[in-house]
Amino acid sequence: MKEYRPAEIEPKWQQYWLENKTFRTDDSDRVRQKYYVLDMFPYPSSSGLHVGHPEGYTATDILARYKRMKGFNVLHPIGWDAFGLPAEQYAIKTGTHPGVTTNNNVDGFRRQLQALGFSYDWDREVNTTDPAYYRWTQWIFLKLYEQGLAYEASVPVNWCPELGTVLANEEVIDGKSEVGGFPVERRPMRQWMLKITVYAERLLQDLDDLDWPESIKEMQRNWIGKSEGAHVVFPLKAGSADTGESIEVFTTRPDTLFGATYMVLAPEHPLVDRIATAEQKQAVDGYRETAARKTDLDRTDLNKDKTGVFTGAYAVNPVNNEEIPVWIADYVMMSYGTGAIMAVPGHDERDWEFARKYDLPIVEVVKGGDVTKEAYVDSEEGICVNSANDEVSINDLPVPEAKKVITTWLEKKELGRYAVTYKLRDWLFSRQRYWGEPFPVIHVDGQPKPLPEDHLPVTLPEMDDFEPTKTGEPPLAKAREWVNTTDPETGKPAVRETNTMPQWAGSCWYYLRYISPDYEKGPVDPELEKYWMPVDLYVGGAEHAVLHLLYARFWHKVLFDIGVVSTKEPFHRLVNQGMILGELEFTAYRDAGGNYISFDKNGMSDDFERVKLQEKDVEKRGDRFVIKDTDTVVDARSFKMSKSRGNVINPDDVVELYGADALRLYEMFMGPLEQVKPWSMQGVEGVYRFLKRVWRLIMDEETDGVNQAVARSVNSDGSPPVKPDRAQLKILHETIRKVTEDIEGHRFNTAISALMIFTNEAMKWEVRPVEVLKPFLLILSPFAPHLAEEMWERLGELTGVTAAAGTTTGSSTGVPQVPARTLAYEPWPAYEEALLKDDSKTYAVQVNGKVRGQVEVPADRAADKDFVLDAARNEPTVSRHLEKGRVVKEIFVPNRVINFVVK
RNA sequence: GCGAGAGUGGUGAAAUUGGUAGACACGCUAGAUUUAGGAUCUAGUGCCGAAAGGCGUGGGGGUUCGAGUCCCCCCUCUCGUACCA
């Protein structure tokens with residue numbers, strides 16, 4: 001081998017690491033400081049890795065490798081979230097068992113990840129579809145059941161006929177399934193639910209202590225959706241319904257009670273049947289029927305135009321005894337609050353719109369706006385008016401104060417009480433699918449009954465027909481022999497639960513299984529759990545901001561409450577990698593006549609023809625791009641990678657062309673980890689050239705040995721190696737410092753830049769001392785581990801320092817015993833402050849804030865203000881500007897800048 | 001609508017507490033070398049200007065000796081969310 005050939009050195013080291021179990025984590029050592037760095041659980045799809053995967057994985061791998069060299073005990077595992085719809089749909093189409101598809105996909109993913117040189121402990125691989133794994137998923141479900149957190153309910157669910165399954169609210173986007181984009185309708189069904197709502201307050205409160213991106217915390221807060229206000233009871237007017245009936249509402253604005261001029265019930269509200277008057281019955285029933293048939297999509301569509309029907313009934317406003325009409329309208333949701341509202345059109349936009357449409361009265365009870373023109377909704381500045389009865393007045397009070405006063409009064413009169421409401425709803429936890437965890441539940445005499453723990457795992461029956469039934473019954477219902485069983489306690493005939501768990505189940509606790517993947521007595525070994533938890537760093541995409549992360553936090557808290565885990569939160573620090581977009585594209589538009597039309601971001605008609613342009617065909621004009629030598633504006637932007645757009649980059653292709661080290665390095669060099677950034681194949685070439693330069697820094701491309709500049713430093717005559725000079729040590733230690741600090745701060749792009757600066761500099765040296773090159777390879781190794789290992793080995797052979805294979809290093813420090821050939825456990829180089837000092841300091845010299853020159857002064861005089869100012873004044877360009885007036889002020893910032901203020 | 005984040009060269013991006021804006025890399029220009037190369041090396045490259053100098057971090061104000069960084073107003077983009085009472 002002469003030139004840099006990643007295709008030769010990369011497989012060599014990947015094989016070495018695997019065979020020697022270089023990255024096996026040592027469980028016995030629980031004294032050393034631990035570092036648990038985790039990648040989000042991948043779903044092994046048939047299409048393999050996309051370039052987004054290696055982005056986060058490289059970041060965590062760099063940290064894992066760095067921390068190992070820093071002496072930490074590092075846990076860096078990977079596994080497979082392998083249940084899920086695609087394998088099942090493929091099975092329906094082709095008859096291939098989902099388990100077969102899954103295994104193939106897992107093998108593909110494993111091969112791809114290993115080809116990228118990630119330092120996972122492959123002995124800890126877990127797979128959610130493995131009965132030995134889902135045994136404990138089922139066990140956790142039993143615990144949830146024991147805690148009263150799992151229950152069956154017949155609830156209107158999102159039924160997707162196309163997929164033949166029920167979807168969680170989170171899996172429905174704009175009335176369509178997130179997977180596949182099929183229509184979704186509402187339909188009542190028996191389902192398993194988990195009472196995540198019981199944990200709403202803790203899930204909210206404990207966010208505060210987490211080192212997570214603020215945006216993610218905010219999304220979770222919004223999802224939990226805590227509102228404070230009051231429940232208020234509105235009795236129904238005597239004679240308009242059965243006596244004693246009343247409507248309870250939740251409001252965040254009890255201060256506007258005096259402005260409630262009508263009420264609205266959700267169409268599904270159980271009270272509607274009983275209170276609708278004979279005259280209104282037909283209209284009400286008609287409306288309810290229409291509403292029931294609406295999908296979520298329809299409801300959203302009708303957003304703009306509110307509809308509703310009067311029930312004929314009247315309620316009594318408890319604060320002023322006024323009789324107000326009760327309507328039904330689908331802008332009120334049964335699923336939030338009490339499913340009923342008091343409408344205050346003066347101070348709520350929706351109520352105002354509705355009142356306008358149906359000509360209902362609008363009363364001003366908070367001063368500050370003009371309620372004849374729009375609802376006045378400010379709840380900070382407003383002052384209450386028209387809000388008094390014989391016993392209480394909140395007139396002249398600011399809104400926050402008024403809320404307290406009126407709530408106290410309501411409580412005293414037993415008309416209402418302070419209340420907190422959450423948007424968060426219980427978690428719909430069953431799916432009508434085959435390829436998921438079976439519930440450890442049987443039904444005896446129609447009642448659900450959990451199976452005893454020693455009956456776990458309940459494994460999936462073998463089947464060849466995975467088609468869902470038309471009725472919505474899960475495919476498992478077809479496995480008659482499996483379904484019909486007996487109650488192990490009573491011997492009575494029993495039927496198994498045929499729903500399966502959603503995909504979230506397995507990913508809710510996988511980070512615990514990695515800790516003790518073979519533990520038999522529970523989901524996790526308690527001793528090891530105490531050592532390894534919490535996860536120190538969790539890296540993954542922001543698409544899991546609410547769902548996975550909220551569910552996992554919920555399960556973790558339950559496990560904490562029953563003593564299975566020792567921390568109340570699973571993931572201490574969370575980082576979201578930004579999406580990688582396709583390459584920048586230039587698109588021009590042409591009309592029917594073939595004339596180019598300027599792009600207008602406010603909407604281009606589909607009639608125009610899109611023409612893809614090359615970079616050389618366009619030029620920048622102001623803040624936009626135009627076709628070269630014309631005024632025709634083109635659309636210049638990057639798009640999300642998608643098969644349909646044809647801009648998908650396959651990591652395998654990149655590895656084949658440039659190698660895994662180049663791919664890793666490029667993905668880190670693109671920009672900050674968290675940022676969205678466009679792909680650029682030319683950028684990959686840039687880092688590839690850097691790696692080739694590193695190769696040539698040490699190797700001779702003619703002889704396939706180390707080059708003369710390196711060989712000279714160790715001397716052929718046996719004399720001691722050449723000592724690095726001061727300048728060489730200085731740049732080395734500057735680089736060590738920069739790279740160390742940047743890795744700690746996750747600034748991988750600037751760390752790589754520092755490595756490049758070092759290499760550019762060192763290439764100029766006629767003698768390249770091994771004592772400088774070796775630490776450089778160590779700090780390069782987390783980023784480009786294959787190249788670093790190879791160069792380390794070559795230098796080791798040169799100096800004879802490398803121990804023969806088979807001997808070990810680090811055993812005295814508790815580091816796992818590994819052959820010394822690898823640099824993976826070499827101590828991370830430390831930098832010496834003394835070597836970073838400059839001989840001289842350069843000051844920028846400004847006159848009236850404008851830079852007019854620089855002065856270089858010896859370092860030992862750099863703090864001497866008079867000396868430096870004098871030198872600055874004598875700088876020719878500076879003195880010329882000083883002559884223009886009189887110096888009225890001199891600013892001296894040590895080691896940085898001087899500013900003369902001249903008048 | 002609401003919430004969060006972001007606007008810096010032709011491109012991706014750098015820039016301690018306010019202290020020489022554009023490090024590093026791509027691209028481009030010129031040259032060297034090579035049978036050739038998506039190879040390598042040298043020099044240049046924010047804009048205007050021959051130079052002196054001027055102008056420059058989305059736009060407009062302000063604070064300061066000094067602002068990409070701090071304050072106020074506005075614009076644009078991205079992400080999330082959507083009748084949540």
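Every chain is numbered from 1 and lettered A, B, ... according to where its sequence line falls, protein lines coming before strand lines.
Around atom NZ of A:Lys640, no more than 12 heavy atoms belonging to other residues, nucleotides or ligands sit under 6.0 Å away.
Residues A:Arg253 and A:Gly853 both approach RNA chain B. Their nearest nucleotides, taken by heavy-atom distance, put A:Gly853 toward the 5′ side.
Side-chain proximity of A:Arg852 to B:G19, B:C24, B:G54: nearest is B:G54. Taking every side-chain heavy atom of A:Val897 into account, B:G19 is the closest of B:A23, B:G19, B:G54. Which of B:U40, B:C24, B:A85 sits closest to the side chain of A:Ser227 comes down to B:A85.
Checked against the 6.0 Å centroid criterion, the rings of A:Tyr843 and A:Phe892 qualify as a close aromatic pair. Remark: aromatic rings of A:Phe354 and A:Tyr262 are close, center separation under 6.0 Å.
Contact between the side-chain N/O atoms of A:Lys850 and the OP1/OP2 oxygens of B:G53 is not found at any separation under 4.0 Å. The side chain of A:Arg693 places no N or O atom within less than 4.0 Å of a non-bridging phosphate oxygen (OP1 or OP2) of B:C24. Contact check, A:Arg689 against B:G27: a side-chain N or O comes under 4.0 Å of OP1 or OP2. Distances shorter than 4.0 Å separate some side-chain N or O of A:Lys620 from OP1 or OP2 on B:U11. Residue A:Gln675 places at least one side-chain N or O closer than 4.0 Å to OP1 or OP2 of B:A13. Note on A:Lys677: every side-chain N or O is 4.0 Å or more away from OP1 and OP2 of B:G12.
Going from the C1' atom of B:A15 to that of B:G61 covers 26 Å, rounded to whole Å. Distance noted for atom P between B:U8 and B:A85: 37 Å (whole Å). Only the C1' atoms considered, B:G19 is 13 Å distant from B:G68, to the nearest whole Å.
Anti is the glycosidic conformation of B:G37, whose angle departs from 0 by more than 90°.
Ring-plane geometry between A:Tyr666 and A:Trp679 is classed as perpendicular, the angle between the planes exceeding 60 degrees on a 0 to 90 degree scale with a lower cut at 30.
Contact check for A:Pro325 versus A:Tyr358: no side-chain heavy atoms found under the 4.5 Å cut-off.
Judged purely by atom type and a 3.5 angstrom limit, A:His881 has no side-chain atom pairing as donor or acceptor with the backbone of A:Arg852.
For A:Arg896 and B:U16, a side-chain-to-base donor-acceptor distance below 3.5 Å is present, hydrogens and geometry of angles not being considered.
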- Message: Reading 5' to 3' and counting Watson-Crick or G-U wobble pairs with both distances under 3.5 Å, write the dot-bracket notation for RNA chain B, | for bases paired outside the strand.
- Response: (((((((..(((......[....)))((((((.......))))))(((....)))..(((((..]....))))))))))))....
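Ion pairing of A:Arg221 with A:Glu218 is present here, as a side-chain N (NZ or NE/NH1/NH2) and a carboxylate O approach within less than 4.0 Å.
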